[in-house]
Amino acid sequence: MRADSLHGVVEAVLDAAVRRAVEDPLPVQTAADVRAAARAPVPAGLTTLVVPAVARVAGRWSTRVVSLGSRVSFSVKALLAAVPPLASSLAVGTRELHALGSLVVNRLRADGHPVEPRFVQRVTVNAYAWPGGGRTLEDAQAPALVRIAGLWLTRPLAGERAGDWVGRAAEAIEAADLGARLARYREGPPALGP
């Protein structure tokens, strides 16, 4: 992980949220439960932890231009101006990932499957990054972190209702046969996708 990059911040947040879901899952059993958890107020402590990480990244990159995908570029000075909404977006994203990861953990346990943290992370990330499907849940997807970073950066501008995105991701997990996906994951995932 590179601590001086936005990619590093997203990766650290993702790792912490999934680790927390495995160790202390929320009591979510359905997509409706995940939506409700996502709409709950963000604890002040979570935002307090996120602000220094965003400020550190913004300070180190203050004279650079960041590209997200092929169409979105911005100066990090603009990011500095957006630190409070961005920190809030990261805190909401952390809560969403914890709720989504908890759903994966709870479903695996309910079906008598072992909880493998790396598998939980793959399913959580892929469902969150592509809630409409189009990607396998158990395979590594190279652009996932960039996609999540873009979501969190643009959330303050998007006006999305709380819980909509993560609710669609939870529905994708509900519809998936996690036992079969775990078996495919254990066989050895294919190389990174496009």
Side-chain angles (χ1 to χ4, degrees), residues 1 8-47 49-50 89-145 147-149 151-152 155 160-193:
M1 179 185 88
V9 171
V10 173
E11 190 173 39
V13 167
L14 174 66
D15 288 345
V18 171
R19 184 173 47 254
R20 189 168 164 216
V22 170
E23 294 170 1
D24 186 24
L26 296 171
V28 294
Q29 306 298 325
T30 66
D33 294 342
V34 170
R35 278 188 181 91
R39 290 182 178 132
V42 175
L46 191 56
T47 304
L49 291 173
V50 169
S89 179
L90 286 171
V92 168
T94 302
R95 185 185 60 215
E96 290 173 339
L97 289 169
H98 182 213
L100 201 57
S102 295
L103 178 63
V104 175
V105 168
N106 293 335
R107 287 204 50 223
L108 286 169
R109 287 182 178 154
D111 293 341
H113 299 294
V115 174
E116 295 185 21
R118 191 73 180 141
F119 174 75
V120 172
Q121 184 172 8
R122 289 245 179 110
V123 172
T124 301
V125 168
N126 290 333
Y128 190 74
W130 293 280
R135 303 284 176 128
T136 57
L137 292 177
E138 69 276 7
D139 294 334
Q141 305 291 338
L145 288 180
R147 191 166 166 90
I148 291 171
L151 168 68
W152 290 351
R155 185 193 316 257
E160 174 198 343
R161 284 189 5 220
D164 284 350
W165 186 277
V166 76
R168 290 190 309 274
E171 289 168 359
I173 290 170
E174 273 187 327
D177 180 348
L178 292 183
R181 291 184 181 278
L182 179 60
R184 280 194 297 274
Y185 170 80
R186 286 178 160 176
E187 290 171 3
L192 291 176

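- The side chain to side chain contact (heavy atoms under 4.5 Å, CB included) search around A110 returns none, not counting sequence neighbours.
- In this structure, G101 and A21 approach most closely via the heavy-atom pair C-CB, 3.5 Å.
- For R181, the side chain to side chain contact (heavy atoms under 4.5 Å, CB included) test picks out F119, T136, L137, E138, A176, R184, with sequence neighbours left out.
- Annotation for A129 and I148: closest pair CB-CG1, 4.2 Å, computed over non-hydrogen atoms.
- Under the side chain to side chain donor-acceptor pair (under 3.5 Å) criterion, E116 pairs with R186, not counting sequence neighbours.
- Checked by atom type and distance alone, the side chain of R95 pairs as donor or acceptor with a backbone atom of A38 at under 3.5 Å.
- Counting only residues at least two apart or on different chains, the side chain to side chain donor-acceptor pair (under 3.5 Å) pairs with a member in residues 124-134 are E96-Y128, Y128-W152, Y128-R155.
- Heavy atoms only, all atoms of each residue included: A99 and L26 are closest at CA-CD1, 3.7 Å.
- With sequence neighbours excluded, no residue satisfies salt bridge (Lys or Arg N to Asp or Glu O under 4.0 Å) with E174.
- Here CG of D33 is found 3.5 Å from OG1 of T30. Values are rounded to the nearest 0.5 Å.
- Qualifying side chain to side chain donor-acceptor pair (under 3.5 Å) partners for R19, counting only residues two or more places apart in sequence or in other chains: none.
- V125 and A144 get closest at one heavy-atom pair: CG1-CB, 3.5 Å.
- Contact of the D111 side chain with the L178 side chain is not registered, since no non-hydrogen atoms from C-beta on lie closer than 4.5 Å.
- Listed by first then second residue, pairs satisfying side chain to side chain donor-acceptor pair (under 3.5 Å) with a partner in residues 97-108 number zero, not counting sequence neighbours.
- Without hydrogens or angle criteria, R168 side chain to P131 main chain gives no donor-acceptor distance under 3.5 Å.
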side-chain contact (heavy atoms from CB on, under 4.5 Å) assessment of L14 paired with Q121: CA-CA 8 Å; L14 174 66; Q121 184 172 8; 3.2 Å; yes
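- Across every non-hydrogen atom of R135 and P143, the tightest pair is NH1-CG, 4.0 Å.
- Qualifying side chain to side chain contact (heavy atoms under 4.5 Å, CB included) partners for A170, counting only residues two or more places apart in sequence or in other chains: A31, V34, L100, L103.
- Considering all non-hydrogen atoms of both residues, A37 and V28 come closest at CB-CG1, 4.3 Å.
- Every side chain to side chain donor-acceptor pair (under 3.5 Å) that E171 has, sequence neighbours left out, goes to R35.
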